[in-house]
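Just so it is clear, the values below take in all heavy atoms, side chains as well, and ignore hydrogens, waters and symmetry mates. Positions are given from 1, in the same order as the sequence printed here.
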Amino acid sequence: MKRFSFSKLMLVLGLLFIYLPMLILVIYSFNASKLVTVWGGWSVKWYVGLLDNAQLMGSVMRSLEIACYTAVAAVALGTLAAFVLTRVTRFKGRTLFGGLVTAPLVMPEVITGLSLLLLFVAMAQMIGWPQERGIVTIWIAHTTFCAAYVAVVVSARLRELDLSIEEAAMDLGAKPWKVFFLITIPMIAPSLAAGGMMSFALSLDDLVLASFVSGPGSTTLPMEVFSAVRLGVKPEINAVASLILLSVSLMTFLIWYFSRRAEERRRRAIQQAIEEGAMANVQSSQVQRPTQVAASA
């Protein structure tokens, strides 16, 4: 009988510490009582009531919209920054550029939010844009924050790539931009997906930056939840959080499923190519053997 080791015990306790609050939140989202801490039976009225809560649903859709825009922009900017840091090894100011790219990782969000707020105010006074802070300013702030994470993830992947494949394509006449889009991008696609998902989650979860650079009518879901929790947790908040957990879980499962299928197809293709190469070698050796015998005779 296997002993229950200390490491397994700590693993179980860690998983319970992470996922048990989420399970409790989902259970209490079906609570019929208006008091979150008092169980009043099973009910789905809070999920139905979300359709009538225009303010809360508006903040949810606004946060999802900003998160999607942020994921796309952060992946694009982070990938370009990672490509410069890993492939363009000699240019003046490379160290400074690398520090500027990774600075948001260690910079307190309060400092970043205050700096962006002062920047937007100064730009509005100088050039008249942005006239008011809203979705665009939140998107810019989240993009500058999330692009640093994407740059770190993609840089690690680019350093592991075999450059001989790209060099062979360029030797065969492919343009550098064509090599980048047809060879490099597919090889770093998993890291791009990981960076995009991370940017989406960080943008959807951010409260500090959005509080600094948002304006009237641009309240995000974290800001709405934070303002509501200060007056007491409402059952609708549990319902919204449960729906977000369900959506993220389904999206993660679908990405894992399709990634696994793509990896299996790639392995089968490699195995088939190896088998076809072995068969071709066997056939060529069988053809060359009678010729050698006839030549010796």
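Put simply, L204 and L250 are part of two different groups of oily side chains (I, L, V, M, F, W, Y) that touch within less than 4.5 Å, one to the next. In terms of hydrophobic clustering, with Ile, Leu, Val, Met, Phe, Trp and Tyr side chains grouped at heavy-atom distances under 4.5 Å, I165 and F180 are assigned to a common cluster. Residues V240 and L64 share a single hydrophobic cluster, defined by chaining ILVMFWY side chains whose heavy atoms lie under 4.5 Å apart. Residues I188 and F258 do not share a hydrophobic cluster, defined by chaining ILVMFWY side chains whose heavy atoms lie under 4.5 Å apart. Neither Y149 nor V248 shares a network with the other; the hydrophobic side chains, linked directly or stepwise wherever heavy atoms of I, L, V, M, F, W or Y lie under 4.5 Å apart, form separate groups for each.
For S242 against V26, the heavy-atom pair with the smallest separation is OG-CA, 3.5 Å. W139 approaches Y69 most closely through the heavy-atom pair NE1-O, 3.1 Å. Closest non-hydrogen pair, L117 versus F212, comes out as CD1-O, 3.5 Å. Nearest heavy atoms, L100 versus P104: O-CD, 3.6 Å. Across K34 and P235, no two heavy atoms sit closer than the pair O-CG, 3.6 Å. Among all heavy-atom pairs drawn from L16 and P21, the shortest one is O-CD, 3.7 Å.
The shortest side-chain heavy-atom distance between Q272 and R268 does not fall under the 4.5 Å cut-off. Between L161 and L158, some side-chain heavy-atom pair lies under the 4.5 Å cut-off. Between L202 and H142, every side-chain heavy-atom pair lies at or beyond the 4.5 Å cut-off. Counting heavy atoms from C-beta on, the side chains of L56 and I237 come closer than 4.5 Å. Within the 4.5 Å cutoff, the side chain of V213 has heavy atoms near those of the F120 side chain. Put simply, the side chain of R94 does not reach to within 4.5 Å of the side chain of V84, judged on heavy atoms. No side-chain heavy atom of L116 sits less than 4.5 Å from a side-chain heavy atom of T137. E275 is listed as a side-chain neighbour of Q271, based on a closest heavy-atom distance under 4.5 Å.
Using a 30° and 60° split on the angle between ring planes, F253 and W256 fall in the tilted class, from 30° to 60°. Y47 and F30 have tilted rings, their planes meeting at an angle from 30° to 60° on a 0 to 90° scale.
Rounding to the nearest 0.5 angstrom, the gap separating the CE atom in M198 from the OG atom in S191 is 10.5 Å. Considering OG1 of T220 and CD1 of I135, their distance stands at 10.5 Å, rounded to 0.5 Å. The CD1 atom of I185 sits 8.5 Å away from atom CZ of F83, with the distance rounded to the nearest 0.5 Å. Rounded to the nearest 0.5 Å, atoms CG (N238) and OG (S29) are 6.5 Å apart. Distance CZ/F145 to CG/L105: 7.5 Å, rounded to 0.5 Å. Rounding to the nearest 0.5 Å gives a distance of 7.5 Å between OG of S63 and CD1 of I244.
Using modelled atom types, no side-chain atom of S214 and backbone atom of G134 make a donor-acceptor pair closer than 3.5 Å. A donor-acceptor pair under 3.5 Å is absent between the side-chain atoms of R133 and the main chain of S218, judged by distance alone. For the pair S203 (side chain) and S199 (backbone), a donor-acceptor distance under 3.5 Å is absent. In this structure, W46 contributes its side chain and N31 its backbone to a donor-acceptor pair below 3.5 Å. Remark: side-chain polar atoms of R159 are not paired, donor with acceptor, to backbone N or O of T86 under 3.5 angstrom. Side chain of T79 to backbone of A76: no donor-acceptor contact under 3.5 angstrom is found.
No more than 12 heavy atoms of other residues, nucleotides or ligands shown are found within 6.0 angstrom of OH on Y257. In K178, the NZ atom is not crowded: 12 or fewer heavy atoms of neighbouring residues, nucleotides or ligands sit closer than 6.0 Å.
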Please assess E65 against R62 for the test salt bridge (charged side-chain N to carboxylate O under 4.0 Å, His left out), listing each intermediate value before the final yes or no. CA-CA 5 Å; E65 181 182 2; R62 195 175 298 112; over 6 Å; no
- [ ] Show the numbers, then the answer: is there a side-chain contact (heavy atoms from CB on, under 4.5 Å) between L209 and D206?
- [x] CA-CA 7 Å; L209 288 179; D206 179 73; 3.1 Å; yes
Exercise for review: Dump the intermediate steps for side-chain contact (heavy atoms from CB on, under 4.5 Å) on V179 and K175, then the final yes or no.
Suggested key: CA-CA 6 Å; V179 173; K175 301 292 184 181; over 6 Å; no
Where do M223 and L207 land on the side-chain contact (heavy atoms from CB on, under 4.5 Å) test, with the steps shown first?
CA-CA 6 Å; M223 297 171 62; L207 172 65; 3.7 Å; yes
- Task: Show your reasoning for whether side-chain contact (heavy atoms from CB on, under 4.5 Å) applies to W39 and S33.
- Result: CA-CA 6 Å; W39 181 257; S33 175; over 6 Å; no
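For R87 and E166, the salt-bridge test passes: some basic side-chain N is under 4.0 Å from an acidic carboxylate O. A salt bridge is defined here as a Lys NZ or Arg NE, NH1 or NH2 lying under 4.0 Å from an Asp or Glu carboxylate O, and E264 with R267 fails to meet this definition.
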